[in-house]
Each structure stands twice: as C-alpha cells, then as structure tokens.
Amino acid sequence: MEQFNKSQETHLWYTEYHTPNSGITLKVKETLLRVKSPYQELVILDTYEYGKMMLLDGLVMLTERDEFIYHEMITHMPVNVNPNIKKALIIGGGDCGTLRELSKYPFIENIKMVEIDEEVVKASKKYFPQLTSGLSKNSEIIIGDGIDFVEKTNEIFDLIIIDSTDPIGPAEGLFTDAFYSNCRRILSENGMMVLQAESPYFHADSIKIFSDRLKRIFGFITPYIAFIPTYPSGMWEFIICTKKELDTSLKSKSLIGDFEQMLKYYNHDVHSGAFKLPTFVKKIYGI
Ligand code: AG3
C-alpha cells in the first residue's frame, strides 16, 4: 500500500454529516460555484475522487462519477415494468439527469419537468453538460413549484418521477398527503409514480411514515434499492406507487436494447434483483 502522505492534511475537505457522528468526507480541488438562490444554497465542488459534485444546502445531490446509478435506477426500473408510457412528468430533477435517462425512450411522447429552482438547471448546464445534453425534443422544462403544478393541472400522466432532495427545506412539501393525493389524481389508471425514498439504513423512521402515507393514498407500493456510494449509508431506496397491484417483471427484453451499452448500472439482472429486499428493509414495510 502506498505510504499515506501527511501533507495532504493541509488540503480542503468537505464533509456531509449523515448522523451527528458519521458522514462522507471528500478532498476538494476547487470550489466552482457558490450561490444562494431564493430556495437554497447551491454549491459545486470539484473533488479528487468523484469529480464535480453538486450540493444543495450542504447535501450531496450528485457527483460526476456516481450520478448514473441514481438516474438510471429512478428511470429504467419503472419504464421496464410498464413500457406503455406516453406522458411523463418529473417533479424536481433540475440537474436534468432523470430527464436525460427518460429521453432515451423515443416512444414517450411528452416529458415535462417542473423544477422550482432555476439556478440548479443553469448550474447543471454549465458544470454537468453530460446531464443536460441529448434531451428529448418532446421535453419541456418548466421553472415552477411542483406542488402548485400538480394541484392545478388536469393533464393525466402515465409516469410521475419525484426527483427531490431530502424531506427537509424546499422539498418538505413533496412528502405530504396533499401532494401525493394530487399526484394520484393526475395519474392514469395503469400509471406509476416513483420517488426517491432516502436511506433504509439511516432513515427507517421517516420511510415508515411516508410509505404508510403512500400506501393509504395510492393503494399499492413497491420498494426497490440501489447502491449509491455518495449518499448516506450508500444504500438508497425508491418506491413505485400504483393504483393496482404491480407486476414487477420485465415487460420487454428489447426495451433497453439499443442503448444497453450506454447504461452502467441498470440491466435485466439488476431489474429483478433490486426488488429483493434485505430483512431489515422488509421490516420497515411490514413485509
Ligand atoms: N436527489 C436525491 C438526493 C438525496 C441525497 N441526500 C443526501 N445526500 N443527504 C438527487 C437529485 C439527482 N437528480
């Protein structure tokens, strides 16, 4: 093993605390951006290990090196369960990573993304062009409040993706009864809503609260997991919410065919594996 160089201690490091006593610490090359938007503080750091990293209010949203896991898993899992998606809605997701993944399916006729914070979209275009290029011509980025949007719209969607931050600060309202009820109202009969649902390791109590809420409002919830190195505990939860019981099997093997080589995490084995939950996670859901 290489000798540890003590002089590295003088470099800058960034820590996101996951609990009062643990967190993730990354050595920083450079601070590229630091802005206070009307909603949150947005920081972009260049790190040695994970490349460029976006922080919102101090929480890691994505890094250049591992963003593919989150964005592939929040998108390809639901689409491959039910490929009959014509209209999709993304709430949040201002970095455009989820929109990039959804754009890979030419049969999706219309994608709307509603992001509250224009600064996030602007910063992503500048610092993460790999997230914002190749977006579908059928997509539309709306700068606005997702809570408001789902309350007022009468459009019906086949897929709603909630690509939010943690349930504190501006995203708090995206975990409420009122918001979920409106999402259900604008979901087609066989439609799916999928949300990022925090870490089953560190956030079991809050997952229990909002998953009970989702089950009561939608009828059916189907959780799955992925491994994201830069998020708290590395183990991350997603939940698909439906009005009918969900058959999680792969519907068409050819769906990711054309762009399979471009994907780095999602594949057909992962598809079925991700729905298999460890015992402590099953317990959160009482299954
Ligand atoms: N949204 C989920 C990020 C949650 C991370 N939480 C944390 N670091 N404490 C990611 C947005 C990517 N489009």
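For ligands, and for the atoms within them, numbers begin at 1 and follow the listed sequence.
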Under 3.5 Å between some N or O of ligand 1 and some N or O of [X]?
| X | value |
| --- | --- |
| Thr98 | no |
| Asp166 | yes |
| Glu198 | no |
| Pro232 | no |
| Thr230 | no |

Taking [X] first and then [Y], would you say they form a salt bridge - that is, a charged N and a carboxylate O separated by under 4.0 Å?
| X | Y | answer |
| --- | --- | --- |
| Glu72 | Lys264 | no |
| Lys27 | Glu49 | no |
| Arg216 | Asp212 | no |
| Lys104 | Asp258 | no |

Please write down residue, atom name and distance for the protein heavy atom closest to [atom].
| atom | value |
| --- | --- |
| atom 8 (N) of ligand 1 | Val60 O, 2.9 Å |
| atom 10 (C) of ligand 1 | Tyr231 OH, 3.2 Å |
| atom 12 (C) of ligand 1 | Asp95 OD2, 3.1 Å |

For this session: Mark up the atoms of ligand 1 that fall under 4.0 Å of a heavy atom belonging to Ser164, in ascending order.
Result: 1 (N), 2 (C)

For this session: Provide the number and element of each atom of ligand 1 under 4.0 Å from a heavy atom of His71.
Result: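 Close to His71: 12 (C), 13 (N).
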
For this session: Might you work through the salt bridge (charged side-chain N to carboxylate O under 4.0 Å, His left out) test for Glu155 and Lys87, ending with a clear yes or no?
Result: CA-CA 9 Å; Glu155 262 184 270; Lys87 289 182 72 170; 2.7 Å; yes

Seminar exercise, completed: The side chain to side chain contact (heavy atoms under 4.5 Å, CB included) partner of Leu195 among Leu174, Ile91, Leu214 is Leu214

Exercise. In this structure, which one of Asp117, Thr165, Asp57 forms a side chain to side chain donor-acceptor pair (under 3.5 Å) with Gln40?
Worked result: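 Result: among Asp117, Thr165, Asp57, Asp117 is the only option passing the side chain to side chain donor-acceptor pair (under 3.5 Å) with Gln40.
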
Problem set entry | Nearest-0.5 Å distance that lies between atom CD in Glu101 and atom NE2 in His76 |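 Here the interatomic distance stands at 3.5 Å.
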
Exercise. Between Tyr231 and Tyr70, does the ring centroid distance fall short of 6.0 Å?
Worked result: yes

For this session: Answer with side chain, backbone, both or neither: which part of Phe202 has a heavy atom less than 4.0 angstrom from an atom of ligand 1?
Result: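 Answer for Phe202: neither.
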
For this session: Would you kindly specify which portion of Glu67 sits under 4.0 Å from ligand 1, judged on non-hydrogen atoms: side chain, backbone, both or neither?
Result: neither

For this session: Give the single entry among Asp163, Thr165, Ile90 that approaches atom 11 (C) of ligand 1 most closely by any heavy atom.
Result: Asp163

